[in-house]
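Here is the structure we will look at, set down as structure tokens.
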Number of protein chains: 2
Amino acid sequence: MKGFKIPEATISRLSVYSRYLESLYRKGITTVSSADIAQGVGVTSAQVRKDLAYFGEFGTRGVGYNVKELLDHTLKILGLNNTWNMVVVGAGNLGSALCAYRGFRERGFYIVGVFDNDLTKIGKKINEYEVLPIDHLEEVVRENNVEIGIIAVPAAYAQDVATRLVKAGVKGILNFAPTVLNIPDKIIVRSVDLTVNLEVLTFNIRRD
Amino acid sequence: MKGFKIPEATISRLSVYSRYLESLYRKGITTVSSADIAQGVGVTSAQVRKDLAYFGEFGTRGVGYNVKELLDHTLKILGLNNTWNMVVVGAGNLGSALCAYRGFRERGFYIVGVFDNDLTKIGKKINEYEVLPIDHLEEVVRENNVEIGIIAVPAAYAQDVATRLVKAGVKGILNFAPTVLNIPDKIIVRSVDLTVNLEVLTFNIRRD
DNA sequence: GACTGTGAAGCCATTCACAGCT
DNA sequence: AGCTGTGAATGGCTTCACAGTC
């Protein structure tokens, strides 16, 4: 196959497959079928095969996939064959939680700076990170080849921070503020909106 | 219209429209067009009209929508005409951040209990909440009509917590652990997976 | 003239079903 | 016999374009 129009949903699932393959690999399992993966992550086997087919032919008919090989392929596809440096803007509760989150490091994501504009927070330590004044943002981004910025500030400041991150040179933004960000198309944005998620939940509960 | 098969994406957008309408309402704006909303939240005006049309005819041709009226309708649709009680399981960094998050209360979501199984955390205060032992979960859920459970524990414990939340009687779960949960179909689940989001970001950055 | 509500068209994603390989 | 890879069919969501209303 190796076509070009790849569904966004396929990428999300690939990330989940990848994590699942890692768990199989750690258990010492060497071969896996699309049906096994499907079962493990809650999708159909046809979906798994289709998703993988966008990127090549990784399996062997009659046998399945080699776990280690497929794991390496998925990591490569997702851009995880090298590590990524990130900055976190906002040293409140959410920013602190993100700094402490182990899952990032396990997948090759490293936080290299935490910023705030609140003078009472600057200089304080969060985990191993010292909170820096926001004016140092550009410098840290440049010196550490930071490509990802995480926005963990209140909605009112999110647009300013986004503009600033873009100017500093990040290529992607993970936004936790409940606002639509206005930034150039070439910058990739993903928003994690907690109340939207809760409200989809309440809608679905109420119609039961 | 008022058909039945409503896209999940429509509900997510409705939540965003609702928040945007609230901001217009606070600014004293009384009338709004689908094009205005579209512009404000980053979608097309046809999309806005289609989304709203699933639930009724709320506008006036040639004029637009009454902000307050449409806001009330969206809130009602999302199930926000009354408040919701929630429990948080996991009093680590993420659990603490969620307890401190103001955005929940603003939309009518109230946390009525925070739980952990770590004896060193039990009894400690997080914001105004005292961390309770996990054995009290069922009791608190029952006594407070809790319908939503938030899972903020490490992946390894997530399935156990989910099973326990379901047994305690919650109707929906917001899951922050990077695992697929195995629970009955009638329980609504939304997963917020941070590394999946980051990996979709890195995929898109790398292919630029 | 302005803007909504909605069938129809177009596009995208998932599922089916089977040929092809081991 | 078992399992992958994929064209074809299906289903779902978004965009178009315009009739209907103010």
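Numbers restart at 1 for each chain; the letters A, B, ... are given by sequence-line order, proteins then strands.
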Checklist entry - Quick one: B:Gln47 CD to C:dT6 C1', roughly how many Å, whole number? => result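 Those two atoms, CD and C1', are 14 Å apart.
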Check your understanding: Whole-Å distance between D:dT4 C1' and A:Tyr54 OH?
Key ->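 Computing the A:Tyr54:OH to D:dT4:C1' distance gives 16 Å.
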Has [X] got a side-chain N or O lying under 4.0 Å from the OP1 or OP2 atom of [N]?
{"X": "B:Tyr65", "N": "C:dA2", "result": "no"}
{"X": "B:Arg61", "N": "C:dG1", "result": "no"}
{"X": "A:Thr60", "N": "C:dT22", "result": "no"}

Check whether more than 12 heavy atoms from other residues, nucleotides or ligands sit under 6.0 Å from atom [atom1] of [X], and answer yes or no.
{"X": "A:Gln39", "atom1": "CD", "answer": "no"}
{"X": "B:Lys171", "atom1": "NZ", "answer": "no"}
{"X": "A:Tyr157", "atom1": "OH", "answer": "no"}

Q | A:Ser33 side chain, from C-beta outward: closest of D:dG5, D:dC3, D:dT15 | A |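 Of the options given, the side chain of A:Ser33 lies nearest D:dC3.
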Residue B:Lys5, side-chain atoms from C-beta onward, closest of D:dG12, C:dC16, D:dC22: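 Within the option list, the nearest is D:dG12.
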Closest to the 5' end of DNA chain C, once A:Thr10 and A:Arg49 are matched to their nearest nucleotides, is A:Thr10
* Asked: B:Glu22 and B:Ser18: side-chain donor and acceptor closer than 3.5 Å?
  -> no
